[in-house]
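For reference, the structure discussed in these notes is given below.
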Amino acid sequence: MTQFEKLNEEKVFKDPVHRYIHVRERLIWDLIGTPEFQRLRRIRQLGTTFLTFHGAEHSRFGHSLGVYEIARRVIGIFKNRGDWDDGETMIALCAALLHDVGHGPFSHSFEKVFGTNHEQFTQAIILGDTEIHRLLEGAEGGLPEKVADVIGHTYKNRMVVSLISSQIDADRMDYLLRDAYFTGVSYGHFDMERIWRVMRPGDSQIVFKSSGMHAVEDYIMSRYQMYWQVYFHPVTRSAEVILTKILHRARILYQKGFQFKHVPVPLISLFEGHMTLRDYLRLDESVMMYYFQVWQDEADPILSDLCSRFMNRRLFKYVQLSKDSLSAGEELTEAFRAAGIDPEYYLEVDSSSDCPYDFYRPGKEEERLPIQLLMPDGSLHELSRESEVVRAITGKRRTDHKLYYPKDRVLALPDSTWKKKICGLLHI
Ligand code: CA
């Protein structure tokens with residue numbers, strides 16, 4: 001077993017969620033210092049949510065440290081009970097720290113427009129020509145591959161995988177508490193330390209002593225509340241819609257040979273379809289915000305208007321669409337076009353079910369393993385079998401469709417039959 005070098009003195013980061021993040025290994029300290037990891041300081045954990053909850057400016061850097069700290073503490077508890085193979089410690093800690101390193105600026109909108117995938121970039125950063133890769137490989141031959149396997153869910157030790165990625169993992173525990181803290185909402189809190197204490201290694205995943213069921217229930221409910229109150233918040237989604245339209249418009253203009261006053265140099269290889277890992281690592285939200293700011297002066301009225309909306313928070317309004325009124329979208333598209341508002345940029349039906357978040361739904365194969373309770377007789381029971389609270393929200397996928405549009409533009413239209421039709425369809 002490799003002996004990893006310890007630091008002469010423990011380093012700590014002050015953290016609002018975990019109080020302190022403790023670093024004892026040289027490798028962890030050096031990984032945090034790499035440019036690839038420092039870049040996460042310039043990527044917000046919650047994308048456009050800061051336009052809804054102004055406190056939500058926290059970064060993926062803080063979240064990544066938090067996930068590392070939770071993994072470190074849980075491993076400590078397991079070790080004390082003799083439940084942990086110490087040969088896995090560094091692999092688990094590195095995977096926890098690096099699990100989000102491939103995120104780009106405003107990931108959700110970015111991935112939607114350009115088809116990039118942050119998980120692939122995480123793998124590429126760990127395995128490719130980066131400082132992170134050199135540090136991992138230098139500490140132990142083959143370590144980058146093992147860390148990448150944990151993050152890709154293919155690592156042989158399932159205990160390590162489930163610590164980093166399962167229904168209750170270090171990632172989700174950190175983001176629920178951190179996002180609740182920074183948004184300032186009163187839901188989202190749960191007794192994490194109680195959960196750590198009832199975690200037990202099972203055959204293929206971590207299981208939970210049934211005496212801790214209420215703490216687990218609380219965690220599930222906090223997740224449920226956070227999805228609907230924070231992650232799916234319609235104002236945040238509206239900002240995301242505008243962001244997506246900006247990126248889409250900028251690419252179209254570039255491809256048409258539009259003469260930008262402010263040429264988006266860092267985005268050119270992406271627009272042209274030959275972006276390298278190096279190019280990707282130069283992108284962050286500071287770069288993107290710079291272009292949104294200066295593009296307000298571009299000659300293209302659509303790009304300039306959308307950027308001004310984003311910078312000055314003049315967001316689109318929305319109407320709720322029921323299943324039967326989904327067809328109103330098509331009628332509106334036609335009416336918008338006739339009234340001179342380009343529906344490609346000013347109309348969007350957004351369904352929150354296509355969010356990358358999901359709440360607890362056991363039994364679906366593509367989902368993560370369900371939560372198993374360890375009963376006093378040693379048998380395992382799936383959580384929703386024992387908990388009525390969890391059963392009530394299990395398997396019920398609430399989908400909602402909203403139609404986003406610029407209400408100010410519609411109201412400013414000169415009177416016409418089209419305007420009347422649009423206002424009728426939108427109930428304004
Ligand atoms: Ca994460």
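Start at 1 and go down the list; that is how both ligands and their atoms are numbered. Just so you know, these numbers use all the heavy atoms, side chains as well, and skip hydrogens, waters and symmetry mates.
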Looking at Ser304 and Asp297, would you say the former's side chain and the latter's main chain have a donor-acceptor pair under 3.5 Å?
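No; zero donor-acceptor contacts below 3.5 Å.
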
Side-chain (Glu285) to main-chain (Ile43) donor-acceptor, under 3.5 angstrom
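Checked: no pair found.
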
Ile151 and Gln123: which non-hydrogen atoms are nearest, and at how many Å?
C-NE2, 4.1 Å

Is the cationic atom of Arg409 (NZ for Lys, CZ for Arg) positioned less than 6.0 Å from the six-membered ring centroid of Tyr346 and within 45 degrees of its normal?
yes

I'd like to know whether CZ of Arg278 has more than 12 heavy-atom contacts from other residues, nucleotides or ligands below 6.0 angstrom.
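No, because the 6.0 Å sphere around CZ of Arg278 holds 12 heavy atoms or fewer from other groups.
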
Does the separation of the ring centres of His99 and His63 fall below 6.0 angstrom?
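Yes.
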
Which count of protein N, O or S atoms is obtained for distances strictly below 3.0 Å from the Ca ion (ligand 1)?
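Those protein atoms number 4 in total.
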
